[in-house]
There are 2 protein chains.
Amino acid sequence: MKVKEVAALSGVSVRTLHHYDELGLLKPAETTEAGYRVYSDENLAELQQILFYRALGFSLKQIKEILSNPSFNRLEALVSQRQMLHQKRSQLDDMIRTIEQTIKEGKGEVTMTREERFKGFDFSENPYELEARDQWGDGVVDETNKKLQQFGGEQQEKMNAIYRRLAEVRHLPANSEEAQKAIGEWYQFLNTIGTYSMEAFEGLGEMYVADERFTTNIDQFGQGLANFMRDAMKEYAQRNS
Amino acid sequence: MKVKEVAALSGVSVRTLHHYDELGLLKPAETTEAGYRVYSDENLAELQQILFYRALGFSLKQIKEILSNPSFNRLEALVSQRQMLHQKRSQLDDMIRTIEQTIKEGKGEVTMTREERFKGFDFSENPYELEARDQWGDGVVDETNKKLQQFGGEQQEKMNAIYRRLAEVRHLPANSEEAQKAIGEWYQFLNTIGTYSMEAFEGLGEMYVADERFTTNIDQFGQGLANFMRDAMKEYAQRNS
DNA sequence: GTAAAGGCTGACGTAACGTAAGAGTCAACT
DNA sequence: AGTTGACTCTTACGTTACGTCAGCCTTTAC
């Protein structure tokens, strides 16, 4: 196979293949007289390995070591890489917290009205709350919240039934058929009391974990349910947009 | 003030100041005949601004725009930046999940024994659990867990008292004096039943949020307590190492 | 035979500095 | 004045993983 074909198959660019060749990371099995690179099936497998480690955040240099040294301790590398990723995540969290704070301060009036609206609640501990509300407008949250609480009796029972069904499948992957079916019911239900775009639906899911009030209520049906629902809603939204 | 002084005050390198000068991001107020950069107090304030935005993950180019254009919509920039950070975090989470999975598979035997040890529990949903255990050896977790449950009556009551005290201050910042004092009691208590290095203490805190069993138990004393304890323990460990 | 499509090798650009290298400046001490 | 040590300056390459031309050759289809 020649470069373009490999590129198309693997999803990387031709330049990337050239680059990996230069680095000695992936040398084509053959080269024609004209200098064309010809890749073998084995080369393809190697490339997959490379892309796998690349997706884990390893540098090309590291990948080269890992793959060229069969005796290399991959497990150790994975563990330390995980450590690194975790540090990065911590840093990102710090940045997000700070940016939340800044946005909050800069909002002046808005913060005031929001505080009034939710007086009695203290969200200052949760930096993601503001974010989730912001991302798709908090009007939707408030509306939904209000409507949901307005409905008593029958609707309430129906809602609880869906929650229970969701709780049953919450240990399955969010992208499993069962999970998606159950979350689909949730979407349907919500749309009986309002209109939700996929985007709003996904945003609502974010709220479930971002806002303690939601989390607490939802998790009464099962530990971790809110989290599961967020994932499932995200998946659902992405499938149906 | 000359470069070195500014560097010392602000914590950046001399090279960085040179760099910012080149970019036109921070031009020193004066230059001596010999070409030495001389910074004013105002320059210092500018630098602080720069470092602030840098800490939020903005590129130098963006920072230049933000600071040079007084009419620039900073709020908008902050919001979109937050969005970006959030995406990055998602990507990192994906990577961590994948790496967890890989490590788990690669562990073969270890996974088996671990599964046996915790049969009945299903941790497959929580990719961070494995991680927290790994980072400082899961022997410590198991030991602590066992010992804590062995002690009944008096010790148990003492423990609960500390939990309650922690719950009371859980809305304060983790680095506040009250929080640190309370978490200090926790550290003392733990050391009456075992020996904990600061590192192990911090790791234990990670477990509190990583392992659902811990989170559930702890949060009975107050929503978000586990999370607060993790932060406080981290802070405590860093102060006392 | 010719043109389109694909391939190849340089080589510069990117972000934010780190790290010398070679050389001039300043203040203090002898 | 001379020297020395501490600073400072500019210049410029190294880093990461390719993207993006540019100029030129090969293969393939009509």
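These values consider heavy atoms only, across backbone and side chains, with no hydrogens, waters or symmetry-generated copies. Protein chains get the first letters and strands the later ones, always in sequence-line order, with residue 1 at the start of each. What you see is a predicted model; the values in this text were computed from it and never measured.
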Legend entry - Heavy-atom donor-acceptor pair, A:Arg37 side chain to A:Thr32 backbone, under 3.5 Å: no
Inset, instruction - Scan side-chain atoms only and decide if A:Asp94 and A:Gln91 contain a donor-acceptor pair under the 3.5 Å cut-off. - result: no
Legend entry - Separation of atom CD in A:Glu5 from atom P in C:dA5, rounded to whole Å: 18 Å
Inset, instruction - Could you list where the contact with chain B starts and ends along DNA chain D, reading 5' to 3', using a 4.0 Å heavy-atom cut-off? - result: D:dC7 to D:dA12
Inset, instruction - Decide yes or no on side chain to side chain contact (heavy atoms under 4.5 Å, CB included) for A:Leu51 and A:Val12, but give the supporting numbers first. - result: CA-CA 9 Å; A:Leu51 296 181; A:Val12 306; 3.7 Å; yes
Legend entry - Nearest-Å distance for atom pair NZ/P, residues B:Lys61 and C:dC17: 15 Å
Inset, instruction - For the pair A:Lys27 (side chain) and A:Asp21 (backbone), establish whether a donor and an acceptor sit closer than 3.5 Å, ignoring hydrogens and angles. - result: yes
Inset, instruction - Answer yes or no: does a side-chain N or O of A:Arg15 lie under 4.0 Å from OP1 or OP2 of C:dG10? - result: no
Inset, instruction - Taking only the side-chain nitrogens and oxygens of B:Tyr20, find out if one of them lies under 4.0 Å from OP1 or OP2 of C:dC17. - result: yes
Legend entry - Phosphate-side-chain proximity, B:His18 and C:dC17, N/O vs OP1/OP2 below 4.0 Å: no
Inset, instruction - Using atom CD of A:Glu22 as one end and atom C1' of C:dT9 as the other, report the distance to the nearest whole Å. - result: 9 Å
Inset, instruction - Please state how far atom NE2 in A:His19 lies from atom P in C:dA11, giving the value in whole angstrom units. - result: 17 Å
Inset, instruction - Pick base, sugar-phosphate or nothing for A:Thr32, based on heavy-atom distances below 4.0 Å to the nucleic acid. - result: nothing
Legend entry - side chain to side chain contact (heavy atoms under 4.5 Å, CB included) evaluation trace for B:Tyr236 with B:Met198: CA-CA 8 Å; B:Tyr236 190 83; B:Met198 281 304 156; 3.7 Å; yes
Inset, instruction - Using a strict 4.0 Å threshold on nitrogen-to-oxygen distance, state whether B:Arg74 and B:Glu65 make a salt bridge. - result: no
Inset, instruction - Find which nucleotide of DNA chain D each of B:Gly35 and A:Glu33 is nearest to by heavy atoms, and output the residue with the more 5' nucleotide. - result: B:Gly35
Legend entry - Phosphate contact (C:dT25 OP1 or OP2) by B:Arg37 side-chain N/O below 4.0 Å: no
Legend entry - Spacing between B:Leu23 atom CG and C:dT14 atom C1', to the nearest angstrom: 13 Å
Inset, instruction - With DNA chain C as reference, determine whether B:Lys2 or B:Val14 sits nearer its 5' end, using the nearest nucleotide of each. - result: B:Val14
Inset, instruction - Determine, for B:Lys181 against B:Glu177, whether the closest basic-nitrogen to carboxylate-oxygen distance falls under 4.0 angstrom. - result: no
Inset, instruction - May I ask you to evaluate whether B:Ser13 reaches the phosphate of C:dG18, defined as a side-chain N or O under 4.0 Å from OP1 or OP2? - result: yes
Legend entry - Toward the 5' end of DNA chain D, by each residue's nearest nucleotide, B:Ala34 or A:Tyr36: B:Ala34
Legend entry - Spacing between B:Leu26 atom CG and C:dA16 atom C1', to the nearest angstrom: 15 Å
